[in-house]
Amino acid sequence: MCGRYGLFTPQEDLAELLRARIRDRAWEGSYNLAPTQKGLVCREAEPGERELVGLEWGLIPFWAKDPGETRSKYSLINARAESVAEKPAFRAAFRRRRCLVPADGFYEWHAVEGGPKQPYWIRLKSGEPMTFAGLWERWEGEVEGQPRVLESYTIIMGEPNELLGRIHNRMPVVLGSGDRDLWLDPGVGDPEALRGLLRPYPAEEMEAHPVSRGVNNPRNDGPELLEEVAE
DNA sequence: CCAGACGTTGTT
DNA sequence: GTCTGG
DNA sequence: CCAGACGTTGTT
DNA sequence: GTCTGG
């Protein structure tokens with residue numbers, strides 16, 4: 001599962017890397033982004049026009065009756081690559097609302113026998129931000145009698161590569177620069193073509209190191225969370 | 001037909 | 001143990 | 001993902 | 001909204 005990640009590269013740099021327009025200039029980066037918080041996604045707002053926008057992490061389907069109930073009762077922060085095209089909660093978004101979720105890296109917890117889990121920070125060797133395959137959704141309705149629009153997203157999870165396999169049994173689907181255009185193109189509806197993109201990212205382009213358990217608490221945030229520690 | 005779910009992970 | 005909140 | 005709560009009553 | 005279960 002990918003339940004925590006970091007995104008602190010300036011939006012200007014992300015916008016250039018992804019050829020996208022900045023929509024939420026006030027959005028602030030984080031070294032410890034947790035579910036229910038706002039993360040950035042890159043989506044095709046209009047044909048040929050990409051935007052970076054801050055949405056809530058944890059997908060609320062457009063048909064949800066009560067977003068609060070959906071948020072707490074179900075865990076829609078991740079979607080399985082193997083079934084995302086068919087699951088009722090994701091299939092509409094898979095067809096029409098795919099997005100990229102930029103991240104400077106992500107955390108995975110390695111279960112150690114007879115001890116507390118050891119968190120790892122995983123990033124690209126190149127030092128560039130990576131992009132997860134994601135889906136976004138738009139919910140419109142009333143909350144406490146007030147009209148509300150809620151936009152949210154989920155991160156697609158798949159098989160681990162050789163590096164992540166030593167830490168955990170799953171990892172987020174990372175799309176390389178060559179796959180991003182196809183994933184974002186709303187005109188592409190062929191599930192087979194899209195499913196082909198949901199494969200493990202090459203292990204030789206990634207690196208991982210153990211970090212402090214300070215990251216466990218979602219209230220902690222700062223570059224010190226990324227520092228390597230002895231296992 | 002209507003009612004009720006709609007999800008993932010890890011652990012037991 | 002299980003659910004909610006971040 | 002992990003952390004933290006998990007409850008009711010009466011009074012301010 | 002759409003599918004599954006009764």
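Owing to the predicted nature of the structure, the values given are computational and were not obtained by experimental measurement.
Salt-bridge check for A/R43 with A/E51: passed, with a basic side-chain N closer than 4.0 Å to an acidic carboxylate O. A salt bridge does not link A/K117 to A/E108: none of the charged nitrogens lies less than 4.0 Å from a carboxylate oxygen.
Contacts of A/Y5 classified as ring-ring contact (aromatic ring centres under 6.0 Å, His included), with partners at least two apart in sequence or in another chain: A/W57, A/F132. Judged as a salt bridge (Lys or Arg N to Asp or Glu O under 4.0 Å), and not counting sequence neighbours, the contacts of A/E56 are A/R71. Applying the side-chain contact (heavy atoms from CB on, under 4.5 Å) rule to A/E159 yields the partners A/E82, A/R170, A/P200; only residues at least two apart in sequence or on another chain are considered.
Under the 4.5 angstrom side-chain criterion for Ile, Leu, Val, Met, Phe, Trp and Tyr, the cluster partners of A/I60 are A/W139, A/V143, A/L150. Cluster partners of A/W121, using a side-chain heavy-atom cutoff of under 4.5 Å among ILVMFWY residues and allowing indirect links, are A/F8, A/Y31, A/Y107, A/W109, A/V211, A/V215, A/L225, A/L226.
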Collect all protein-nucleotide pairs involving nucleotides 4-6 of chain C in which both atoms are nitrogen or oxygen and the distance is under 3.5 Å.
from	atom 1	to	atom 2	distance (Å)
C/dT4	OP2	A/S72	O	3.4
C/dG6	N7	A/P35	O	3.2
C/dG6	N7	A/T36	OG1	3.0
C/dG6	N2	A/R4	NH2	3.4

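Contacts of A/A92 with the nucleic acid, taken as non-hydrogen atoms under 4.0 Å apart, are absent. Residue-level contact check: A/N32 touches neither bases nor backbone, having no heavy atom under 4.0 Å from any strand. Residue contacts shown for A/Y5 are absent, as no nucleic acid heavy atom lies under 4.0 Å away. When heavy atoms are screened at a 4.0 angstrom cut-off, A/R71 is found touching no nucleic acid atom at all.
Between the side chain of A/Q11 and the backbone N or O of A/D24 there is at least one donor-acceptor pair closer than 3.5 Å. Here the side chain of A/T154 pairs a donor or acceptor atom with the backbone of A/N78 at under 3.5 angstrom. Judged by distance alone, with hydrogens and angles left aside, the side-chain atoms of A/D104 form a donor-acceptor pair with the main-chain N or O of A/T9 at under 3.5 Å. A donor-acceptor pair under 3.5 Å links the side-chain atoms of A/E44 to the main chain of A/G48, judged by distance alone. Using modelled atom types, no side-chain atom of A/N32 and backbone atom of A/G6 make a donor-acceptor pair closer than 3.5 Å.
Rounding to the nearest 0.5 angstrom, the gap separating the OG atom in A/S126 from the CD atom in A/E207 is 9.0 Å.
Bracketed by its first and final contacts, the part of DNA chain D lying under 4.0 Å from non-hydrogen atoms of chain A reaches from D/dC1 to D/dG4 in 5' to 3' order.
Comparing the C1' positions of B/dA3 and D/dT8 gives an interatomic distance of 35 Å, to the nearest angstrom. Rounded to the nearest Å, the gap between the P atom of B/dG4 and that of C/dG6 is 31 Å. Comparing the P positions of B/dG7 and E/dG5 gives a spacing of 13 Å, expressed to the nearest Å.
A heavy atom lying under 4.0 Å from DNA chain B marks the following residues of residues 96-118 of chain A, by number: A/K117. At a non-hydrogen distance threshold of 4.0 Å, A/M157 from residues 157-166 of chain A come into contact with DNA chain B.
Heavy-atom contacts from other residues, nucleotides or ligands closer than 6.0 Å to CD of A/E224 number more than 12.
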**Fill in**
A correct dot-bracket answer for DNA chain D, with pairs being Watson-Crick or G-U at under 3.5 Å, [ ] for crossing pairs and | for inter-strand pairs, is ||||||......
Would you give me the side-chain donor-acceptor pairs under 3.5 Å for residues 83-94 of chain A, sequence neighbours excluded?
from	atom 1	to	atom 2	distance (Å)
A/E86	OE2	A/R195	NH1	3.2
A/E86	OE2	A/R195	NH2	3.3

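Each of A/K65 and A/C2 was matched to the nucleotide of DNA chain B holding its nearest heavy atom; the match closer to the 5' end belongs to A/K65.
Taking atom CG of residue A/L59 and atom P of nucleotide E/dG1, one finds them 17 Å apart after rounding to whole Å.
A salt bridge (Lys or Arg N to Asp or Glu O under 4.0 Å) check over residues 1-20 of chain A, counting only residues at least two apart or in different chains, returns the pairs A/E12-A/R25, A/R19-A/D181.
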